[in-house]
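To start, the structure under review is shown below, and the notes come after it.
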Amino acid sequence: MGLFFGISVSLYLLLVLSFSSKTIDSLSVNVMEGSLYVNGSASISFIDEDFICATLDWWPPEKCDYGSCSWGNASLLNLDLDNKILFNAIKAFSPLKIRLGGTLQDKVIYQKINNQETCPDFTKNTSLMFGFTNGCLTMSRWDQLNIFFRNSGAKVVFGLNALSGRTIGLDGTAIGSWDSSKAEALIRYTVNKGYIISGWELGNELSANGIGTSVTAKQYASDTISLQNLVQKIYTGFQEKPIVLGPGGFYDADWFTEYVNESSNALQVITQHIYNLGPGVDDHLVEKILDPSYLDGGAQPFRDLQNILKKSGNCTVAWVGEAGGAYNSGRNLVSNAFVFGFWYLDQLGMASMYDTKTYCRQTLIGGNYGLLNTATFVPNPDYYSALLWHRLMGRQVLSTNFTSTNKIRSYAHCSKTSGGITLLLINLDGFNKTNVGIYIENATTIITSTQQNPKQKQKQRTNFSKMLRDPKIYEASRDEYHLTAKDGDLHSQIVLLNGNELLVNSWGVIPSLEPIRCNFSSPIMVAPFSIVFVHIPTIRVPACT
């Protein structure tokens, strides 16, 4: 039998947020009823344990979009690695998967060992591809980065320059095969220094039509095989070898199909980039984010890529290697504000449902879409959303169906911290609070009674009517994490957790994320314009055992 918590309760947990997203209205909250069905029989897909990933880019301070220069000192070449907030923000995940790459990675020169020649920085030049000259990664800076990542608990994927050795033809396409010699020198140096890299990714946005230039799928596959052979050679004798990823580009059915098939098992992870909200200058970004139909369209590339992988018959899995939502650095006070969490968490939920193993947010810091503020390093709202997901959502993904309003987005996973389940509920409605009753198929309750020894647990299958009569059920509880915008302003860069501001203290310590404890049998109350994680440790379903 299932569990159904459908008791109508009228409780004003939070002030209503106006649709304009700028002020708190004095309007009373409308209360709706809804039902969430969770199928606990079997998982529909699996994600990596370290599913949450963030990127660090190469853009120098001179990178500007629409007259705004939003990158500051967030480049891999100038980022302040001594900043205690940055260190603590990464350490809080233990580990945080970080992808090092971006547009300029295909213009990065790796300094030769013991080479005392000048190693130039990226210099702005609008007549060149990507608008910048080549830039150089010194080995001293590579040392600093690796030591920092090791100490902060990061799990690193590095994007290699895939244009090395190629020339650009008159039609704008890249001609020739990849010259792996410079990458080989960097990888050998990395191994000799004892630095651990989890994966080596070839190129950035060179697939299909490409950005700036492109490489044919057949040639890219051949280059990927070369990289895999290189990794196997250099890491001979290592029990665990880095994975090989590519192409770090935008989904194109024909190109991706040929690339997967031609690469065979040399390609362990195929990475696609997601910027489905359009340009950062678009004045309608918030409208798109709050439109359920628009969000639904985001599932298509996940679904299509999985179909390609299933038909290929090889072992390649899918990642989102870079996702900033709005391209050209995002939009200030949108992609770095509370409202963006609706898009971001919905993307995480949808990607998980289609067996996407990892999802890398553009960026950890830099541009107008960083999880951290570029100038102060203080976490933006989506940082806390990412951290809650990382801590609560387990690998097994469960099927859900919500009935009532299409403004509620729902996802469910086996819990990461218990044998129970964790729910994610996103309310895109600014006027209606929804009381959510839950029906869980094939659920078993684990009840710890105050009359028992705390170590003794009682298992029972139950239905709604029995639940109301059993006092032990009322002694059980669940943990809830309600995220809302400060002052009801969707453009706020301060988020409230259960009504309390999340703030970094003077030592740069990331705040603890404490839940509120709610009665097991009551409905989940989802406030207007809010995000709710719900951990139910007392539920057991076959999918999570």
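All residue numbers in this chain count up from 1 along the given sequence.
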Worksheet item: For the atom pair CD (E287) and CG (L277), what is the distance rounded to the nearest 0.5 Å?
Response: 12.0 Å
Worksheet item: When the aromatic ring centroids of Y383 and F93 are compared, is their separation below 6.0 Å?
Response: yes
Worksheet item: Under 4.0 Å between a Lys/Arg side-chain N and an Asp/Glu carboxylate O for D57 and K63?
Response: no
Worksheet item: Are D179 and R166 within salt-bridge range, i.e. N to O under 4.0 Å?
Response: no
Worksheet item: L160 pairs by side chain to side chain contact (heavy atoms under 4.5 Å, CB included) with which of V244, L227, L100, L230?
Response: L227
Discussion item. If I compare all heavy atoms of K91 with all of N151, which pair ends up nearest, and what's the gap?
Written reply: NZ-O, 3.4 Å
Discussion item. Parallel, tilted or perpendicular: which one describes the rings of W71 and W59, with boundaries at 30° and 60°?
Written reply: tilted
Worksheet item: Does the distance from a Lys or Arg side-chain N to an Asp or Glu carboxylate O, for K357 and D48, drop under 4.0 Å?
Response: no
Worksheet item: In Å and rounded to the nearest 0.5 Å, what is the CD to CG distance from Q493 to N380?
Response: 5.0 Å
Item to complete: Nearest 0.5 Å please: distance from the OH atom of Y327 over to the OH atom of Y369.
Response: 12.0 Å
Discussion item. Side chains of T376 and N373: any donor to acceptor distance under 3.5 Å?
Written reply: yes
Item to complete: Measure the shortest side-chain to side-chain distance between L295 and F342 over non-hydrogen atoms and say whether it is less than 4.5 angstrom.
Response: no
Worksheet item: Just wondering, do K233 and I187 contact through their side chains at under 4.5 Å, heavy atoms?
Response: no
Discussion item. Take a 6.0 Å sphere around CD1 of I196 and say whether it holds more than 12 heavy atoms from other residues, nucleotides or ligands.
Written reply: no
Discussion item. If I take atom CE from residue M350 and atom CD from residue Q300, how far apart are they, to the nearest 0.5 angstrom?
Written reply: 10.5 Å
Worksheet item: Would N161 and Y110 satisfy side chain to side chain donor-acceptor pair (under 3.5 Å), going step by step from the backbone distance to the final call?
Response: CA-CA 9 Å; N161 180 345; Y110 315 127; 5.5 Å; no
Worksheet item: Between F158 and W142, how do the two ring planes meet: parallel, tilted or perpendicular, split at 30° and 60°?
Response: perpendicular
Item to complete: Given side chain to side chain donor-acceptor pair (under 3.5 Å), test T224 with Y259 step by step and report yes or no.
Response: CA-CA 9 Å; T224 300; Y259 177 54; 2.8 Å; yes
Worksheet item: Where is the tightest heavy-atom contact between S385 and F533, given as atom of each residue plus distance?
Response: O-CZ, 4.0 Å
Item to complete: State, yes or no, whether a side-chain contact exists between L333 and V339 at a heavy-atom distance under 4.5 Å.
Response: no
Practice prompt. Scan T358, V157, L364 and name whichever one has a side chain to side chain contact (heavy atoms under 4.5 Å, CB included) with C53.
Written response: T358
Discussion item. Rounded to the nearest 0.5 Å, what separates atom OG in S180 from atom CG in L186?
Written reply: 12.5 Å
Discussion item. For E322, is there an ion pair with R361 - N to carboxylate O distance below 4.0 angstrom?
Written reply: no
Item to complete: Grab the two heavy atoms, one from A174 and one from V215, that are nearest each other, plus how far apart they are.
Response: CB-CG2, 3.9 Å
Response to the item:
So CG of N314 and OG of S264: to nearest 0.5 Å the spacing works out to 6.0 Å
Discussion item. Using only atom types and a distance under 3.5 Å, with no angle test, would you say the side chain of Q219 pairs donor to acceptor with the backbone of T216?
Written reply: no
Worksheet item: Between L483 and V532, is any pair of side-chain heavy atoms under 4.5 Å apart?
Response: no
Worksheet item: Would you find more than 12 non-hydrogen atoms of other residues, nucleotides or ligands less than 6.0 Å from N229 atom CG?
Response: yes
Discussion item. A side-chain contact here means heavy atoms from C-beta on lying under 4.5 Å apart; do M353 and I44 qualify?
Written reply: yes
Worksheet item: Would a 4.5 Å heavy-atom cut-off, applied to side chains only, mark V260 and I270 as touching?
Response: yes
Practice prompt. Write down the atom of Q111, the atom of C119, and the distance for their closest heavy-atom approach.
Written response: CB-SG, 4.0 Å
Item to complete: Answer yes or no: is there an ion pair linking K218 with E258, defined by an N-O contact shorter than 4.0 Å?
Response: no
Worksheet item: Strictly under 6.0 Å, is that where the ring centroids of W319 and H273 end up?
Response: no
Discussion item. Quick check: closest heavy atoms across L348 and I52, and the distance to 0.1 Å?
Written reply: CD1-CD1, 3.6 Å
Worksheet entry | Check ion pair D296-R409 (N to O, under 4.0 angstrom) | yes
Discussion item. Contact between P61 and N73 at the side-chain level, heavy atoms closer than 4.5 Å - yes or no?
Written reply: yes
Discussion item. For the aromatic rings, using the six-membered ring if either is Trp, is the centroid distance between F256 and Y251 under 6.0 Å?
Written reply: yes
Practice prompt. Heavy atoms only: give me the nearest A162-L206 pair and the separation to one decimal.
Written response: CB-CD1, 3.9 Å
Fill in: Min side-chain heavy-atom separation W58-L137 under 4.5 Å
yes
Worksheet item: How far apart are the C-alpha atoms of S329 and D65, what are their side-chain angles, what is the distance that settles it, and do they pass the side chain to side chain donor-acceptor pair (under 3.5 Å) test?
Response: CA-CA 7 Å; S329 303; D65 300 282; 2.6 Å; yes
Discussion item. Could you check whether any side-chain N or O of K416 sits under 3.5 Å from a backbone N or O of H390, counting only pairs where one atom can act as donor and the other as acceptor?
Written reply: yes
Worksheet item: Please walk me through it: do T422 and S415 pass side chain to side chain donor-acceptor pair (under 3.5 Å)?
Response: CA-CA 5 Å; T422 300; S415 291; 2.8 Å; yes
